[in-house]
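All remarks here apply to the structure that follows.
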Amino acid sequence: VNALFRSFNMSKFPVERIRNFSIIAHIDHGKSTLADRLLELTGAIATTDKNKQVLDKLQVERERGITVKAQTASLFYKYQGQTYLLNLIDTPGHVDFSYEVSRSISACQGVLLIVDANQGIQAQTVANFYLAFEAQLTIIPVINKIDLKNADPERVEKQIEKVFDIPTEECIRISAKLGTNVEQVLQEVVKRLPPPTFKKEDPFKALVFDSNFDHYRGVVANIALFGGYLSKGDRIISAYLGKSYEVNELVVYKQTLVVAGVTDFYPECACWHLSPGMYPMDQSDYSALRSAVEKLTLNDSSVTVQRDSSLALGAGWRLGFLGLLHMEVFNQRLEQEYNASVIVTAPTVPYKAILSSAKLIKHGKEEITIVNPAQFPDRSVVKEYLEPMVMGTIITPDDYIGKIMSICLNRRAVQKNMVYIDDHRVMMKYLFPLNEIVVDFYDLLKSMSSGYASFDYEDAGYQPAHVIKMDILLNGKPVEELTTIVHKDRAYSAGKAMCERLQDAIPRQMFEIAVQAAIGSKVIARETIKAYKKNVLAKCYGGDITRKMKLLKKQAEGKKKMRYIGTVQVPKDAFINVLKRKDK
Ligand SMILES: Nc1nc2c(ncn2[C@@H]2O[C@H](COP(=O)(O)OP(=O)(O)OP(=O)(O)O)[C@@H](O)[C@H]2O)c(=O)[nH]1
């Protein structure tokens, strides 16, 4: 196989023997494990370390055990005397990353839909199925983990037939862990999936389905060819930007098909859900942070970036994320891969306001989108506020129906549908205000159902809502990071909860601190952080000087991670913790 990669000439390879496919599944159903087995079987990687996942490779992915970025691999597979080129794109499983899934899918002709033989169909399985189905791809259902003691592949096959209308005979039962029937998966990919339909004679047309920044090569783009051909030295034009680029290098290598040499390549916009502000801890780091953000967004084009500035925090950006996990992962990558230190403000979903008069704003439009709470227009000039809605799908064992209904009700959700997908599992549809689910609904649902319920959602437009702006004050000074837009009925409980959590998150200081939530000039909640009794250094009285110096150094290091609101010191990580909401 290595020899094949070296001697490979793409221009001579018959299109009929190419298969482009993706593996899609609910989180943890075994995509990465199967992808690794496929790579081993085709000799693209050695079989030595069975537990090491090759395609999951970002540090954040290894730490969290989840796939964030789709990775691509090209494999050669010999079937009935012919060599086939199989291009495999691994995809993430968490709801926040479904944008990566739809990108991968547009580069494919077919998908392997993995379902865990014990857990059965989950919410993300349903969502991914529809992405593939609507793109008219060939779908091969694969039931994984048949080695598990509680595996019940027959029940899962029946679910697949009931929910997706795919005959049970089309399912392949495998164990990606043990390698059982994995060879059959490769054979079915060759047999069932059609080759891509592009013609060499057509004009050149390609989709950039992924891109990243390589320190040696510059921007590297992964492309799927839809027509024509491409050679080294060609000039290509980005249809999105209208800019032209020279192709410096063009390779199909062991793990990726890439075009290198493009010098700047801005991401296109996806629909985004959350937009927090992001500012450097220290304004002198602004340009270094800008370069890190640019490189990272190149690798994750679902993040949108808009310049923004704030009186308190200086120059920064508004970033659009698909969910809280997506945002946390992005921050973690900035810190780990680019050593950046940032301040992140409360994420907000994009609200809209219909103004009572078009003359009120410069551009004469009546409808404005509010992504920054600081720009929330006053009620007196607004005819109506609108909030974004989503249609959520929940799949759960029926024991948890009651509990789930009550948390949904608590999140202002309206039930639209409920059906049994087998004897014990139900699929429920709820219309949710997006704001009610972006932060932690998923985690809550998981914990209250002992991990058995699953969740996914899609956009469902906007609905009128009575929303207001809420400020958080520390000793009377507003904390710009924590200004939020809340639903009127939620203001008191949200304000109270924020104050309580801030009280826990901010360490005692030399003076008393009043933590308040306010709507306009009206304070709606208050907590107090009592003053610190003794100076830390007093403990060192009489102690030796090195010990004292050590303590001072530790305090100074701590201070670097602090933000000052007036004279109050707030630890940087207090903000994200404060924003996570916990239901009773
Ligand atoms: N028993 C058993 N365990 C498996 C099998 N396949 C995968 N697993 C385990 O299931 C867990 C999840 O597998 P992954 O391959 O990481 O799942 P994934 O779908 O890629 O997960 P994300 O990338 O986070 O979406 C791991 O602990 C695997 O070892 C299998 O066939 N049998």
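Residue numbers count from 1 along this sequence. For ligands, and for the atoms within them, numbers begin at 1 and follow the listed sequence.
The shortest N or O to N or O distance between Ile174 and ligand 1 is not below 3.5 Å. At under 3.5 Å, not a single nitrogen or oxygen of Leu148, backbone or side chain, sits near a nitrogen or oxygen of ligand 1.
Remark: the backbone N or O of Thr393 is not paired with any side-chain donor or acceptor of Asp456 at under 3.5 angstrom.
Considering Asn181, Asp147, Leu34 as possible partners of Ser175, the one that fulfils the side-chain contact (heavy atoms from CB on, under 4.5 Å) test is Asp147. Each of Ile143, Ile23, Ile140, Ile24 was compared with Ile114 under the side-chain contact (heavy atoms from CB on, under 4.5 Å) criterion, and only Ile23 meets it.
Closest heavy-atom approach to atom 3 (N) of ligand 1 within the set His26, Lys177, Lys31, Lys149: this belongs to Lys177. When the heavy atoms of Asp147, Asn118, Ile146 are ranked by distance to atom 1 (N) of ligand 1, first place goes to Asp147.
Within the listing of ligand 1, atoms 15 (O), 18 (P), 20 (O), 23 (O) sit less than 4.0 angstrom from a heavy atom of Ser32. Heavy-atom proximity to Thr33, at under 4.0 Å, picks out these atoms of ligand 1: 6 (N), 7 (C), 13 (O), 14 (P), 15 (O), 28 (C).
Remark: aromatic rings of Phe441 and Phe455 are close, center separation under 6.0 Å.
In Asp28, the parts holding a heavy atom less than 4.0 Å from any atom of ligand 1 are both the side chain and the backbone.
Using cut-offs of 30° and 60° on the angle between ring planes, the pair Phe164 and Tyr130 is perpendicular. Ring orientation note: the planes of Tyr79 and Tyr77 are close to parallel, at an angle under 30° on the 30°/60° scale.
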